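To start, the structure itself, in structure tokens.
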Amino acid sequence: MSLIGINEIFLLINQRLYYMEDIAAYKAEKQLAIEDVEQEKRILRNAMLLAEQKGITPNSIGPFFSALIHAAKLIQCRYQSDWQKKSITKKHPQNLAQMRYKLIQLNASLIERLYQALIAGQKFDKTTSGSMIKMIHHPQLSETHKRKIVTALQAIHLSQ
Ligand SMILES: O=C(O)C(=O)C[C@]1(C(=O)O)C=C[C@@H](O)C=C1
């Protein structure tokens with residue numbers, strides 16, 4: 001697996017995280033709660049199903065998407081709290097349904113890329129932790145939370 005393959009995985013992770021600013025803005029405008037437990041269940045079910053169809057152990061992909069969702073909620077909370085403090089809101093966010101549709105596509109692409117990396121023999125071992133953490137870019141995400149995403153990614157494995 002080339003570095004390009006890994007770059008693509010982190011590009012998709014970053015794209016997913018970047019949507020959270022707009023989602024936070026939409027929810028602030030519509031006064032919706034950040035957390036939507038039913039949507040989270042749908043995301044996890046869908047990810048595990050797709051992973052299983054590919055040949056990735058579903059229980060190993062679950063914690064990775066849980067870590068992404070956890071980071072997503074944290075980012076939304078931080079944006080909303082920043083805006084509240086400064087009495088500003090981000091205007092004209094995209095529609096939530098549209099953003100969720102894009103997130104579903106990103107999730108599927110992520111699973112596909114992870115699968116390709118794993119069958120190519122890519123090892124996401126501890127020696128790569130530092131460089132992978134550096135590949136996650138988000139102004140609202142601390143090193144600790146980036147590490148949680150990377151640790152969950154390292155546990156993803158192919159079905160036997
Ligand atoms: O779809 C949303 O409403 C989101 O905020 C995105 C997301 C996710 O990461 O997929 C994050 C938090 C919610 O609890 C549900 C889903």
Side-chain angles (χ1 to χ4, degrees), residues 6-54 56-118 124 129 132-157:
I6 295 185
N7 278 343
E8 280 171 4
I9 290 170
F10 282 90
L11 193 72
L12 292 165
I13 291 175
N14 289 330
Q15 280 177 352
R16 194 181 199 287
L17 297 174
Y18 276 109
Y19 267 107
M20 301 309 154
E21 182 177 6
D22 255 30
I23 295 184
Y26 181 92
K27 288 179 176 173
E29 193 183 274
K30 306 279 179 200
Q31 300 193 333
L32 293 172
I34 286 175
E35 185 170 64
D36 182 334
V37 176
E38 287 309 311
Q39 177 64 7
E40 291 183 15
K41 284 186 195 158
R42 276 192 288 271
I43 297 282
L44 289 176
R45 258 201 316 267
N46 186 261
M48 288 169 84
L49 197 75
L50 277 180
E52 190 169 26
Q53 287 166 355
K54 279 269 149 220
I56 294 175
T57 301
N59 286 340
S60 75
I61 202 99
F64 172 64
F65 276 92
S66 292
L68 288 178
I69 292 171
H70 183 77
K73 289 190 281 192
L74 198 89
I75 290 170
Q76 292 184 49
C77 277
R78 290 184 173 164
Y79 274 122
Q80 287 193 355
S81 131
D82 283 356
W83 296 330
Q84 226 164 17
K85 275 186 228 147
K86 296 177 195 154
S87 299
I88 52 161
T89 39
K90 192 170 174 281
K91 296 274 182 281
H92 307 305
Q94 296 177 59
N95 177 281
L96 183 61
Q98 259 175 317
M99 290 189 279
R100 282 184 170 175
Y101 179 70
K102 286 179 184 158
L103 287 183
I104 288 171
Q105 290 178 320
L106 281 176
N107 295 347
S109 305
L110 248 177
I111 291 166
E112 176 63 36
R113 287 283 163 202
L114 284 163
Y115 170 73
Q116 284 174 5
L118 289 168
F124 295 109
S129 303
M132 288 201 286
I133 288 167
K134 285 202 189 83
M135 292 171 93
I136 302 180
H137 303 292
H138 201 288
Q140 300 285 23
L141 212 56
S142 68
E143 169 111 8
T144 308
H145 288 94
K146 291 178 184 173
R147 185 175 292 279
K148 283 185 180 165
I149 294 172
V150 166
T151 304
L153 188 153
Q154 285 167 330
I156 300 170
H157 56 87

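In this text, all values refer to a predicted model and were calculated from it rather than measured experimentally. In listed order, ligands and their atoms are each counted from 1.
Proximity of Ile23 to ligand 1, defined as any heavy-atom pair under 4.0 Å, is confined to the side chain (atoms from C-beta onward). When non-hydrogen atoms are compared, ligand 1 lies under 4.0 Å from neither the backbone nor the side chain of Met99. Residue-level proximity to ligand 1 for Val37 is absent, since no heavy atom of it falls below 4.0 angstrom.
Between Glu38 and Arg42 there is no salt bridge, since no side-chain N of the basic residue sits under 4.0 Å from a carboxylate O of the acidic one.
Taking a cut-off of under 4.0 Å to the non-hydrogen atoms of Ala72, the atoms of ligand 1 that pass are 9 (O), 11 (C). Remark: ligand 1 atoms within the under-4.0 Å shell around heavy atoms of Arg100 are 1 (O), 2 (C), 3 (O). Close approach of ligand 1 to Glu35 (heavy-atom distance below 4.0 Å) involves ligand atoms 14 (O). Atoms of ligand 1 found under 4.0 Å from any heavy atom of Gln39, numbered from 1 in the order shown, are 1 (O), 15 (C), 16 (C). Taking every heavy atom of Asp36 and a limit of under 4.0 angstrom, the matching atoms of ligand 1 come to 13 (C), 14 (O), 15 (C).
Looking at Asn14, its side chain does come within 3.5 Å of a backbone N or O of Met135 through a donor-acceptor pair.
For Gln116 and Glu112, the side-chain atoms include at least one donor-acceptor pair closer than 3.5 Å. Side chains of Gln94 and Lys102: a donor on one and an acceptor on the other come within 3.5 Å.
Put simply, atom 7 (C) of ligand 1 has no protein non-hydrogen atoms near it, under 4.0 Å away.
Distances from atom 5 (O) of ligand 1 to the heavy atoms of His70, Glu40, Met20, Lys27 put Lys27 nearest.
Atom CD1 in Ile75 sits 9.5 Å away from atom CZ in Arg16 (nearest 0.5 Å).
Residue contacts with ligand 1 leave out Leu32, since none of its heavy atoms falls under 4.0 Å from the ligand.
Between Lys73 and ligand 1, no pair of N/O atoms sits closer than 3.5 Å.
Relative ring orientation between Tyr79 and His138 is described as perpendicular, the plane-to-plane angle rising above 60° on a 0-90° scale split at 30° and 60°.
Looking at residues two or more places apart in sequence or on another chain, you find no side-chain contact (heavy atoms from CB on, under 4.5 Å) involving Gln31. Asn46 meets the side chain to side chain donor-acceptor pair (under 3.5 Å) test with no other residue; sequence neighbours excluded.
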